[in-house]
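Along the sequence shown, residues carry numbers from 1. First listed ligand is number 1; within each ligand, the first listed atom is number 1.
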Amino acid sequence: MKHLRSIAEIGPGAVARLLDLTDHMVEINLRPNPKVPALRGRTVCNLFFEDSTRTRLSFETAARRLSADVMTFAVKESSVNKGESLRDTVETIAAMGVDAIVIRHRSSGVPWQVSAWTNASIVNGGDGWHAHPTQALLDAYTVRQALGRTGGFDGLQVAVVGDIRHSRVARSVTEVFQVLGADVTLVAPATLLPPATDVPCTDDLDALVGKVDVLYLLRMQRERMSEALVPDLREYSARFGLTPARAARLQEHALVMHPGPMNRGVEIQVDPAELPGAVITQQVTNGVAVRMAVLFDLLGSGSHDDMESTA
Ligand code: NCD
């Protein structure tokens, strides 16, 4: 694997390999000194043109735990503000000798464009409405761990609820869950669904909530909306939010997931700390391990010996 730009591009074999590799990384992260020499001498650059908390910090942590050097590019303080183009910015970073660039950008397709300008491996940290493959992998890993489903997700019922239309997370998690064999249903008002999709859709959350194994909630991406697609937020929350009444109808083993950032009171009206099936914190924890697996797969020697000794 040279790049990780979307789940569709890497396919089922690589998804399975990365999830298995994540098991090793989880084990490393439980050690008293969670650091191995696997990527010593390698440099990873985080290039984030859009805001991020979880994704950027977990890529940084992941790279450091594998002993890579990390450059974090603060767009707000860079020459991008002096009019430097994306291409010149990427070529400048590449000229310093980086092995991987993790990029987040508001435009869909940027990770593919950037791959043509550098020999570095490109990791998509989220491109516009399009894809967020490491989020999808960490979500798949979290389900596999929480439900003990190492053999795949055949028959697993997943509902993805909220602003599907503007969500790169919705697209990538749907892909990864389907690749692993799950049945995914998208739940949203018609205005927040993509114009065309092969995935089953509904606007009736109540019909599904008692049947799903995974309830995946999404935030309203208001920064990506050019018009008011939801006339009344209170009505939206009442129809599409996880209310106490809906939480009470979840199956006992059902998982509640959210990629963050959460808008409490909108898509979630219960305290996730009080929901036995909520794995939102585990998603964040697993984000580090999954990103370690991705960086090791892209930049490592392939030898698991690099993960045994302590750095
Ligand atoms: C998401 C993103 O930026 O795509 N957050 C994340 O990476 N965990 C989802 C969002 O912004 O709603």
How are the rings of His304 and Phe296 set to each other: parallel, tilted or perpendicular (split at 30° and 60°)? perpendicular
Derivation of the side chain to side chain donor-acceptor pair (under 3.5 Å) call for Arg104 and Thr55: CA-CA 9 Å; Arg104 170 171 283 195; Thr55 307; 3.1 Å; yes
Minimum side-chain heavy-atom gap Val169-Tyr216 below 4.5 Å: yes
Under 4.0 Å between heavy atoms, the region of Gln135 that gets near ligand 1 turns out to be side chain
Among all protein heavy atoms in this structure, tell me which lies nearest to atom 12 (O) of ligand 1, with the distance rounded to 0.1 Å. Arg219 NE, 2.7 Å
Under 6.0 Å from the six-membered ring centre of Phe59 and within 45° of its axis: does the NZ or CZ of Arg291 meet both? yes
Leu215 side chain reached by Leu255 side chain, heavy atoms, under 4.5 Å: no
For the 3.5 Å polar cut-off, considering only N or O atoms, please tell me whether Pro261 and ligand 1 meet it. no
Residue pair Met1 / Leu18: nearest heavy atoms and the distance that separates them: CE-CD1, 4.0 Å
Give the atom numbers and elements of ligand 1 that come within less than 4.0 Å of a heavy atom of Thr55. 6 (C), 7 (O)
So which heavy atom in the protein is nearest atom 8 (N) of ligand 1, and how far is it from that ligand atom? Pro259 O, 2.8 Å
So if I count the atoms of ligand 1 from 1 in the order they appear, which ones are less than 4.0 Å from some heavy atom of Val169? 1 (C), 4 (O), 9 (C)
Looking only at protein heavy atoms, which one is nearest to atom 4 (O) of ligand 1, and what is the separation? Arg168 NE, 2.7 Å
Any heavy-atom pair between the side chains of Met25 and Val290 that's under 4.5 Å? no
Can you tell me if Glu50 contacts ligand 1 (heavy atom of the residue under 4.0 Å from the ligand)? no
Looking at atom 7 (O) of ligand 1, what's its closest protein heavy atom, distance included? His132 NE2, 2.8 Å
Can you find an N/O atom of Gly260 closer than 3.5 Å to an N/O atom of ligand 1? yes
